[in-house]
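See structure below.
Chain identifiers are assigned alphabetically (A, B, ...) following the order of the sequence lines, protein sequences preceding nucleic acid strands; residue numbering begins at 1 within each chain.
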Protein chains: 2
Amino acid sequence: MYIFGVLNRNMISNTCKYGIRAILYIAVNSDGEKKIGIKKISEDLNLPGPFLGKIMQTLAKNKILNSVKGPHGGFSLAKAPEKISLYDIVKIIDGDDVFHECLIGVKICESNPEYTDLCPFMGKSHKVREMLEKTFKEQTIGEFAKGINSLDEFLQI
Amino acid sequence: MYIFGVLNRNMISNTCKYGIRAILYIAVNSDGEKKIGIKKISEDLNLPGPFLGKIMQTLAKNKILNSVKGPHGGFSLAKAPEKISLYDIVKIIDGDDVFHECLIGVKICESNPEYTDLCPFMGKSHKVREMLEKTFKEQTIGEFAKGINSLDEFLQI
DNA sequence: AATTTTATGGAGTTAAAACTCTTTTTTTCT
DNA sequence: AGAAAAAAAGAGTTTTAACTCCATAAAATT
């Protein structure tokens with residue numbers, strides 16, 4: 001339930017989810033060299049094309065993707081898929097606040113990165129949050145892509 | 001870094017954080033019976049008063065707070081602080097999506113609450129997320145309030 | 001060289017979260 | 001009963017994330 005309307009609170013922004021899914025799509029469908037265009041990716045993944053374009057731009061600027069203009073152009077991974085983690089992508093698109101900021105917005109936690117238990121909850125929650133961060137850092141695109149049996153899993157929402 | 005502007009991505013909405021901090025304020029400053037008004041809470045915690053009013057309304061409707069109108073009215077906890085968990089508050093204000101939705105928005109996970117490893121990342125991340133949920137469920141307002149030495153910790157953002 | 005195809009860049013629009021303002025209702029105090 | 005104090009309710013506005021549109025730039029094909 002939400003106070004003022006419809007809410008769907010996510011840890012990760014839609015923008016970032018789209019980015020992750022597009023990169024996975026490339027990892028699954030390209031053999032490293034082959035370029036894939038925004039049109040094809042956005043149609044297959046059912047994502048808004050022009051918006052995805054912006055996201056890809058950002059990922060290209062941040063050396064996650066290579067982009068080539070013109071006919072037969074498109075995007076390919078700029079590194080081995082085993083060298084790209086979900087954390088890398090989240091950090092570029094959403095930043096890493098989600099892994100570090102104080103969960104209830106207490107000032108003292110923000111100025112106290114050692115978690116020397118000034119906010120009682122931070123003392124209890126920071127281990128879980130470190131695990132969360134670790135999970136994102138250890139999950140590579142390469143390994144993720146290997147685990148995908150059917151691309152249909154990634155169609156639509 | 002964020003693509004289009006300034007982003008500060010939080011697991012928990014500001015609305016919810018304000019609610020948690022206001023409840024903590026009441027738990028620390030009231031002995032169970034004493035009512036405290038929005039004006040005092042919002043001034044001391046540096047929160048937008050009318051907005052906090054809405055949040056308190058919602059929490060009152062959901063039996064977390066008692067509210068009394070008129071002179072010497074205000075809000076008090078509707079239950080023992082040990083019976084109120086952070087999870088309760090998050091669920092009321094933000095919903096529990098943040099603990100359950102698929103982190104990268106893959107359809108198959110949403111329709112598959114058993115996590116029978118169709119999405120490779122869900123298989124790896126759901127344990128951390130269960131821990132996160134547990135952490136929120138086990139953290140009561142009562143215990144939290146006991147751990148607060150100085151209210152100054154909770155002033156401002 | 002001209003055309004086509006694809007990404008890039010910039011300036012918009014839309015929808016939802018965050019926040020404000022004003023009026024009404026309830027309670028208490030005189 | 002009347003006035004004052006507080007929350008409730010409703011209708012706004014502002015800000016930000018999400019998304020679109022159009023013109024430009026670069027590369028390949030003819």
field: Carboxylate-amine/guanidinium proximity below 4.0 Å for Lys17(B) and Glu101(A)
entry: yes
Is [X] near enough to [N] that one of its side-chain N or O atoms lies under 4.0 angstrom from OP1 or OP2?
X	N	result
Thr15(B)	dA18(C)	yes
Ser67(A)	dT8(C)	yes
Tyr18(B)	dA18(C)	no

Could you state the atom-to-atom distance from [atom1] of [X] to [atom2] of [N] in whole Å?
X	N	atom1	atom2	value
Lys17(B)	dA17(C)	NZ	P	15 Å
Leu65(A)	dT8(C)	CG	C1'	14 Å
Phe75(A)	dA26(D)	CZ	C1'	13 Å
His72(A)	dT3(C)	NE2	P	19 Å
Phe51(A)	dA11(C)	CZ	C1'	16 Å
Met56(B)	dC19(C)	CE	P	16 Å
Lys34(B)	dA6(D)	NZ	P	13 Å
Ile26(A)	dT6(C)	CD1	C1'	14 Å

Determine the contact category for [X]: base if any of its heavy atoms lies under 4.0 Å from a base atom, sugar-phosphate if only primed atoms, P, OP1 or OP2 are that close, otherwise nothing.
X	result
Gly53(A)	nothing
Lys40(B)	nothing
Lys61(A)	sugar-phosphate
Gly74(B)	sugar-phosphate

Considering only side-chain heavy atoms of [X], which listed nucleotide, [options], is closest?
X	options	value
Pro48(A)	dT8(C), dC19(D), dT20(C)	dC19(D)
Ile38(B)	dA18(D), dA7(D), dA7(C)	dA7(D)
Lys54(B)	dC19(C), dA9(D), dA7(D)	dA9(D)
Lys69(A)	dA25(D), dA18(D), dT28(C)	dA25(D)

- request: First locate atom CG of Asp94(B), then atom CG of Asn10(A), and finally report the distance between them rounded to the nearest 0.5 Å.
  value: 10.5 Å
message: Is it true that Lys35(A) and Ser76(A) share a donor-acceptor pair across their side chains at a distance under 3.5 Å?
response: yes
Side-chain H-bond candidate by donor/acceptor type, Asn29(A) with Lys40(A), under 3.5 Å: no
message: Go nucleotide by nucleotide along DNA chain C from the 5' end; which of Gln57(A) and Gly70(A) gets its closest nucleotide reached first?
response: Gly70(A)
task: Without swapping roles, check the side chain of Arg129(B) against the backbone of Val98(B) for a donor-acceptor pair under 3.5 Å.
output: yes
field: 5′-ward residue of the pair Pro71(B)/Asn14(A) relative to DNA chain D
entry: Pro71(B)
task: Look at atom NZ of Lys79(B) and say whether more than 12 heavy atoms of other residues, nucleotides or ligands are closer to it than 6.0 Å.
output: yes
